[in-house]
Enquirer: 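Have a look at the structure that comes next, please.
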Amino acid sequence: MPSLPSFSKAAAPPPPLPPKPTWDPRPAVSIRPFPWLRPTIRIRLTLLYGGMFLMAGIVLLTIIYMLAADALHDGSTLPLKILGGKFQSTSDQCDLPTKTSGPLLQAAVDQCLQHQRALALNDLLNRSLLALLGLTVVAFAFGYAMAGRVLAPLGRITRTAQRVAGSDLHRRIELGGPDDELKELADTFDEMLDRLDRAFESQRRFVSNASHELRTPLAINRTLLEVQLADPDASPELAQLGKTLLATNERSEQLVEGLLLLARSENKVVDKKPVDLAEVASQAVEQTREEAGGKGVELRGVRQQAFVQGNGVLLERIALNLVQNAVRYNVPEDGWVEVTTEPQTGCAVLVVANTGPVVPAYEVENLFEPFRRLRTERTGSDKGVGLGLSIVRSVVRAHDGTITAAPREGGGLVMRVVLPL
């Protein structure tokens, strides 16, 4: 059998390697040649206060030198002079003997010199103490001024953080100056603010999109149900089913509105205007009067004029939610709700008290949690969706206020809202 022709070829050489890049693909990392020479706060404070102590020491030594020279001049002066061959004392504290005998005169002169040196030393001590007191005052004043200058960037960081706490996430510190710990802290804070700003902006977009996406189908369902209920030829069973579905749809709409309002009210209110708390509470009472009349609940209370800085719509939501809860969670007969407002020193107070079931003190705080009700499950209640007090607390915090709840003796609650003026 003839052999087949061979198609084998010699192994091809490997392809040439690509040329090496002339640049370094790794990110350049700035390495300080002498990291210990970085102008840190510790080094700056060490140099500053070390220099201050050195200058204070030089000034103090100079003053002491001058005072000592003056004291030596006064203490080395002879307390006598020779006039006409006689010795005459030059100091009132020096008594020379009338006779010019050697031992007596020498003893008197020595005593006068000792007394004169003591006076000079006392004068030196007094002047040194005064100089030390003056230098202490100057050192404290200069140190206070220099400490304020060194810590000025920290105050700038604090003020920016306070503005950011008021929901102004667009502010940045942008601290200049030497590359020390404070600048590193400011840069880190700016990076954190960038991330927070992006996160909150994403949350705002999500809330806006969720508002549209959730409201639209619920509104369509409500319209279809209302049209079906308006049909005169509908059977009683279909009409009853439509009413049940319409109530369920309405409950879902309330839940969506409550969740969106709760999400928006978590931030502080920036655009504040004067709002009369008494007017807001009166509007909430009027909006609830029909429901209260149907349940046999009396609405009462004296509302004094009290102006606060805030958002009128959100403040009305506070009063409306509190009054509605007070009406809905009341006794079956002879119930009442008392709504009062009054101005106090530096604040305005809204109090909503009502009769109702006995509330244990340990369960009061749980009422402010979302979807929490007193002795009820998360679902199955026709009195609300469980977000009323959560929304109230969020709105009160957004206005820098406080809300407290206390059980009433005999049943019911006393809600007290304190808002700054």
Side-chain angles (χ1 to χ4, degrees), residues 206-265 283-299 313 316-337 352 354-357 359 363 366-395 411-413:
F206 172 77
V207 170
S208 177
N209 295 334
S211 173
H212 176 73
E213 295 296 333
L214 294 176
R215 285 173 176 172
T216 301
L218 292 175
I220 294 174
N221 290 341
R222 184 180 70 252
T223 303
L224 294 176
L225 291 172
E226 289 175 350
V227 170
Q228 183 63 35
L229 289 176
D231 186 5
D233 298 332
S235 62
E237 293 80 5
L238 187 60
Q240 182 62 34
L241 178 60
K243 291 180 181 179
T244 304
L245 293 176
L246 188 61
T248 304
N249 192 85
E250 182 180 359
R251 178 182 174 82
S252 299
E253 289 180 343
Q254 293 177 1
L255 178 60
V256 170
E257 291 292 337
L259 288 173
L260 293 176
L261 181 59
L262 181 62
R264 292 193 186 104
S265 60
Q283 291 179 358
V285 169
E286 292 302 322
Q287 294 180 34
T288 322
R289 190 173 296 280
E290 183 177 354
E291 182 180 358
K295 293 181 177 293
V297 177
E298 177 189 1
L299 296 177
V313 177
E316 184 179 348
R317 174 63 63 175
I318 293 177
L320 183 59
N321 284 9
L322 291 179
V323 177
Q324 285 179 346
N325 277 1
V327 170
R328 293 170 184 175
Y329 297 91
N330 216 302
V331 294
E333 296 180 356
D334 299 330
W336 53 262
V337 175
V352 179
N354 70 307
T355 54
V359 181
E363 291 190 7
N366 295 333
L367 297 178
F368 291 97
E369 298 297 328
F371 307 108
R372 295 294 294 271
R373 304 184 187 87
L374 184 63
R375 298 192 187 94
T376 59
E377 301 296 334
R378 291 171 61 92
T379 59
S381 174
D382 60 347
K383 297 179 180 179
V385 295
L387 291 174
L389 294 182
S390 301
I391 294 174
V392 168
R393 184 174 62 176
S394 298
V395 175
L413 290 171

Enquirer: Not counting sequence neighbours, which residues clear side chain to side chain contact (heavy atoms under 4.5 Å, CB included) with L245? List them please.
Expert: L225, L241

Enquirer: Please list, chain by chain and in numerical order, all residues satisfying side chain to side chain donor-acceptor pair (under 3.5 Å) with Q324, sequence neighbours excluded.
Expert: none

Enquirer: Compare every heavy atom of V352 with every heavy atom of A326, then report the nearest pair and how far apart it is.
Expert: CB-CG1, 4.0 Å

Enquirer: In the structure I gave you, are the side-chain heavy atoms of T355 and D334 within less than 4.5 Å of one another anywhere?
Expert: no

Enquirer: Can you name the residues that form a side chain to side chain donor-acceptor pair (under 3.5 Å) with Q283, not counting sequence neighbours?
Expert: none

Enquirer: List the atom of K243, the atom of L229, and the distance in Å for their closest heavy-atom pair.
Expert: N-CD2, 3.9 Å

Enquirer: Are any non-hydrogen side-chain atoms of L322 and L389 less than 4.5 angstrom apart?
Expert: yes

Enquirer: Of the non-hydrogen atoms in V327 and L299, which two are nearest, and what is the gap between them?
Expert: CG2-CD2, 4.1 Å

Enquirer: Could you list the donor-acceptor pairs under 3.5 angstrom formed between side-chain atoms of residues 216-224 and any protein atom two or more places apart in sequence or on another chain?
Expert:
{"from": "T216", "atom 1": "OG1", "to": "H212", "atom 2": "O", "distance (Å)": "2.8"}
{"from": "N221", "atom 1": "ND2", "to": "P217", "atom 2": "O", "distance (Å)": "3.3"}
{"from": "R222", "atom 1": "NH1", "to": "E253", "atom 2": "OE1", "distance (Å)": "3.2"}
{"from": "R222", "atom 1": "NH1", "to": "E253", "atom 2": "OE2", "distance (Å)": "2.1"}
{"from": "T223", "atom 1": "OG1", "to": "A219", "atom 2": "O", "distance (Å)": "2.9"}

Enquirer: Please enumerate all residues that pass side chain to side chain donor-acceptor pair (under 3.5 Å) together with Q228, with sequence neighbours excluded.
Expert: none

Enquirer: Got N330 and K295 here, is their nearest side-chain heavy-atom distance under 4.5 Å?
Expert: no

Enquirer: Only counting residues at least two apart or in another chain, list the ones meeting side chain to side chain donor-acceptor pair (under 3.5 Å) with E226.
Expert: none

Enquirer: Does a side-chain heavy-atom distance below 4.5 Å link L413 with L367?
Expert: yes

